[in-house]
Amino acid sequence: MPELPEVETIVRSLRSRLSGRKIEAIRVLFPPLLRNGRLSGLKKFEGTRLIGLRRRGKMILIDYQNGFSLLLHLKMTGQLLFCQKTAALDKHTRLVISFQSTARELRFRDVRKFGFIRCLKTAEAAAAPELKNLGPEPLGLDLQSFRRLLDGRRGRLKSRLINQTFLAGIGNIYADEILFESKLHPASDIVHLRPGQIKRLWQSIQFILDKAIAARGTSVRDFRDGDGLEGSFQARLRVYGREGQPCLRCGGKIVRLRLAGRSSHICPRCQQLIPVKRASKATTSQR
DNA sequence: GCCACTGTTAGCAT
DNA sequence: CATGCTAACAGTGG
C-alpha cells in the first residue's frame with residue numbers, strides 16, 4: 001500500500017543511511033523483477049557509490065556515481081529494508097544491495113511480486129516509460145495549477161485523484177481520506193465541482209498528505225519504513241477501513257462502496273453527490 | 001478446501 | 001482520446 005507518504009517515509013529513513021556508501025554487489029533473487037536489460041548489467045554498480053535517493057510519485061530513484069540510477073516501484077506489498085547482512089533472508093526477498101565496510105545491506109521484499117526495478121542513465125530518468133507520463137507532485141502544487149488540471153475534465157472525481165497521470169502519488173487510502181476531509185463524494189462528476197469545492201479539495205490534499213508524512217505513513221498491513229518501523233497514520237484514518245463505524249464528524253455510519261473495482265469508504269451524510277448544475281447552496285436539493 | 005478480498009498498474013476493451 | 005475492467009500474484013480471513 002505504499003502511496004506518496006509511505007514512499008516519502010521510506011526515502012527519508014534510508015537517505016542518510018545509504019548516501020555515499022560504496023556498492024559491494026547487487027543480487028537479484030527474482031529475475032523477473034528487472035524490467036529492462038540483463039542481470040549482468042547490474043555488475044556496473046559494483047564499486048560505485050550510491051549518491052542519492054529520491055521519490056517521484058510512488059516511485060523511488062536510487063542514483064549512483066557511475067551515472068546510472070535504479071528506478072524501483074513497491075507496488076502493493078514492497079518493502080525496502082536496511083538490515084543486518086546476517087539477518088535471515090526470507091523467501092519474499094527479491095533483491096539485495098550490499099555495501100562495502102558495513103555489516104548492513106538493503107533488501108527489497110515483495111510478497112506479491114508486483115514490484116519492479118529498471119536500470120537507466122540518471123540523465124535520462126525522466127524519459128523512462130514509468131516516469132514520463134506522471135502528473136505533477138501534489139505537494140507544493142499551487143491552486144492555480146490544480147484548477148488547470150481539472151479544467152474541462154469529466155468523470156468521477158476519485159478516478160481522477162488516483163490516476164497517476166493526473167497527480168502523482170495518491171492511491172486508494174489517501175483518496176478516501178482526502179475526499180472525506182473535503183466533504184466530497186468519490187463519484188461526483190468533476191464537471192460539477194464549484195470553485196470553492198475545488199479549493200477545499202486542493203487544501204485537503206495538502207493537509208492529508210502533510211499529516212500522513214508527519215505520522216510516517218500508514219501501516220494497515222505491510223508498510224514499514226527503511227528501518228522496519230511501522231507508521232502511525234492508521235490511527236488517524238477517518239474513513240478507510242472504518243466501514244460500519246461512526247463518522248467522527250457527524251456520527252453517521254461509514255459505508256463502503258464499490259467504484260471502478262475499488263473499495264471507497266465514505267460518510268454518506270458528510271459526502272453527498274454534488275447537486276447537478278449551479279446550486280449556490282450546498283443544501284440537499286432534489287434535481 | 002474454497003472463495004472473496006486486498007490495492008497498483010499495464011494492457012486490452014469499450 | 002478517455003474511461004472501464006481485468007490479470008498479474010500471494011496471503012489472509014470467513
Side-chain angles (χ1 to χ4, degrees), chain A residues 1-10 28-36 55-61 71-80 89-95 108-118 128-135 137-138 148-180 186-193 208-209 212 217-224 230-231 233-234 237 239-244 254-266:
Chain A
M1 338 216 164
E3 301 179 29
L4 187 156
E6 287 74 36
V7 179
E8 182 64 26
T9 299
I10 289 171
V28 177
L29 310 180
F30 178 69
L33 172 76
L34 182 60
R35 257 200 192 172
N36 70 323
R55 179 191 61 75
R56 175 75 177 95
K58 301 175 192 174
M59 316 257 228
I60 294 174
L61 277 152
L71 178 67
L72 190 147
H73 199 301
L74 303 166
K75 287 288 184 102
M76 296 176 53
T77 56
Q79 300 176 334
L80 268 188
L89 261 196
D90 82 309
K91 63 173 179 175
H92 301 303
T93 302
R94 313 297 179 193
L95 169 84
F108 175 49
R109 278 189 81 233
D110 182 20
V111 170
R112 289 177 74 175
K113 300 179 175 172
F114 289 174
F116 65 83
I117 61 170
R118 175 186 291 277
E130 294 87 354
L131 292 181
K132 67 168 188 239
N133 292 321
L134 278 188
E137 288 292 324
R148 274 200 298 274
L149 283 178
L150 290 169
D151 202 34
R153 297 288 182 172
R154 296 210 59 125
R156 287 170 170 169
L157 180 53
K158 180 166 171 183
S159 318
R160 271 287 126 195
L161 281 183
I162 63 179
N163 182 338
Q164 303 300 295
T165 66
F166 165 68
L167 277 183
I170 298 173
N172 206 40
I173 297 176
Y174 292 109
D176 281 2
E177 295 301 314
I178 287 164
L179 288 167
F180 174 77
S188 309
D189 194 324
I190 297 159
V191 81
H192 292 145
L193 293 177
I208 295 290
L209 296 180
T218 301
S219 294
V220 169
R221 195 180 197 85
D222 300 286
F223 172 67
R224 299 291 185 276
E230 293 190 356
F233 200 71
Q234 60 276 13
L237 296 175
V239 281
Y240 183 87
R242 295 195 65 247
E243 184 184 10
I254 304 298
V255 301
R256 188 163 63 128
L257 333 160
R258 199 99 198 153
L259 245 109
R262 333 270 314 255
S263 60
S264 284
H265 308 74
I266 67 161

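Residue numbering restarts at 1 for every chain, and letters A, B, ... go by the order of the sequence lines. What you see is a predicted model; the values in this text were computed from it and never measured. Side chains included, hydrogens not; waters and symmetry mates left out as well; all remaining heavy atoms used.
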ask   = Starting at the 5' end of DNA chain C, which residue's closest nucleotide do you reach first, A/R154 or A/F30?
value = A/R154
key: Closest to the A/S159 side chain, choosing from C/dG4, C/dT3, B/dT8   = C/dG4
query = B/dG11 C1' sits how many Å from A/F114 CZ, rounded?
reply = 14 Å
Rounded distance in Å - NZ (A/K113) to P (B/dT8) = 21 Å
task = Among the candidates C/dT3, C/dC9, C/dT12, find the nucleotide nearest to the side-chain atoms of A/R221.
result = C/dT12
key: Any A/H92 side-chain nitrogen or oxygen under 4.0 Å from OP1 or OP2 of C/dG11   = yes
inquiry  = Once you apply a heavy-atom cut-off of 4.0 Å, does A/S263 come out as touching a base, just sugar-phosphate, or nothing?
reply    = sugar-phosphate
request  = For the pair A/K58 and A/E6, find out whether any cationic side-chain nitrogen is under 4.0 Å from an anionic carboxylate oxygen.
outcome  = no
inquiry  = What stems show up for DNA chain B when you take Watson-Crick pairs (N1-N3 plus N6-O4 or O6-N4) and G-U wobbles (N1-O2, O6-N3), both under 3.5 Å, and require three or more consecutive pairs?
reply    = B:2-6 with C:10-14, B:8-14 with C:2-8
inquiry  = Between C1' on B/dT8 and CD1 on A/I173, what's the gap in Å once rounded to a whole number?
reply    = 12 Å
ask   = Within this structure, what is the CG-to-P distance between A/L149 and C/dA2, rounded to whole angstrom?
value = 13 Å
Face-on cation placement of A/R94 at A/F108 ring, 6.0 Å and 45° thresholds = no
ask   = Between C/dT3, C/dC9, B/dA10, which nucleotide has the shortest distance from any of its atoms to the side chain of A/R35?
value = B/dA10
query = Which atoms form the tightest heavy-atom contact between A/R118 and A/A128, and what is the distance?
reply = CD-CB, 4.4 Å
ask   = Has A/R160 got a side-chain N or O lying under 4.0 Å from the OP1 or OP2 atom of C/dT3?
value = yes
ask   = If you measure from CD on A/E3 to CD1 on A/I162, what distance do you get to the nearest 0.5 Å?
value = 9.0 Å
Contact summary for A/G78 and A/P2, nearest pair of heavy atoms = O-CG, 4.2 Å
inquiry  = Measure CG/A/N163 against P/C/dT3 and give the value in whole Å, please.
reply    = 8 Å
key: Any A/R258 side-chain nitrogen or oxygen under 4.0 Å from OP1 or OP2 of B/dC5   = no
ask   = The side chain of A/K58 lies closest to which of these nucleotides: C/dG11, B/dT8, B/dA10?
value = B/dT8
query = Which residues pass the ring-ring contact (aromatic ring centres under 6.0 Å, His included) test with A/H92, sequence neighbours left out?
reply = none
query = If you look at every strand shown and take non-hydrogen atoms under 4.0 Å, does A/G171 touch a base, only sugar-phosphate, or nothing?
reply = sugar-phosphate
task = Calculate the interatomic distance between A/L71 atom CG and B/dT9 atom P; express it in whole Å.
result = 12 Å
task = Starting from P on C/dG4, measure out to CG on A/L259 and report it in whole angstrom.
result = 9 Å
query = OP1 or OP2 of B/dT9 sitting under 4.0 Å from any side-chain N/O of A/H73?
reply = yes
request  = Taking only Lys NZ, Arg NE, NH1 and NH2, and the carboxylate oxygens of Asp or Glu, determine whether A/K158 and A/D176 approach each other closer than 4.0 Å.
outcome  = yes
message = What is the separation between atom NZ on A/K75 and atom P on C/dA7, rounded to the nearest whole Å?
response = 16 Å
ask   = Any ion pair linking A/R156 and A/D189 (charged N to carboxylate O, less than 4.0 Å)?
value = no
query = Between A/R153 and A/K91, who's closer to the 5' end of DNA chain C by nearest nucleotide?
reply = A/R153
request  = Considering only atom C1', compute the distance from C/dG11 to B/dA10 and round it to an integer number of Å.
outcome  = 23 Å
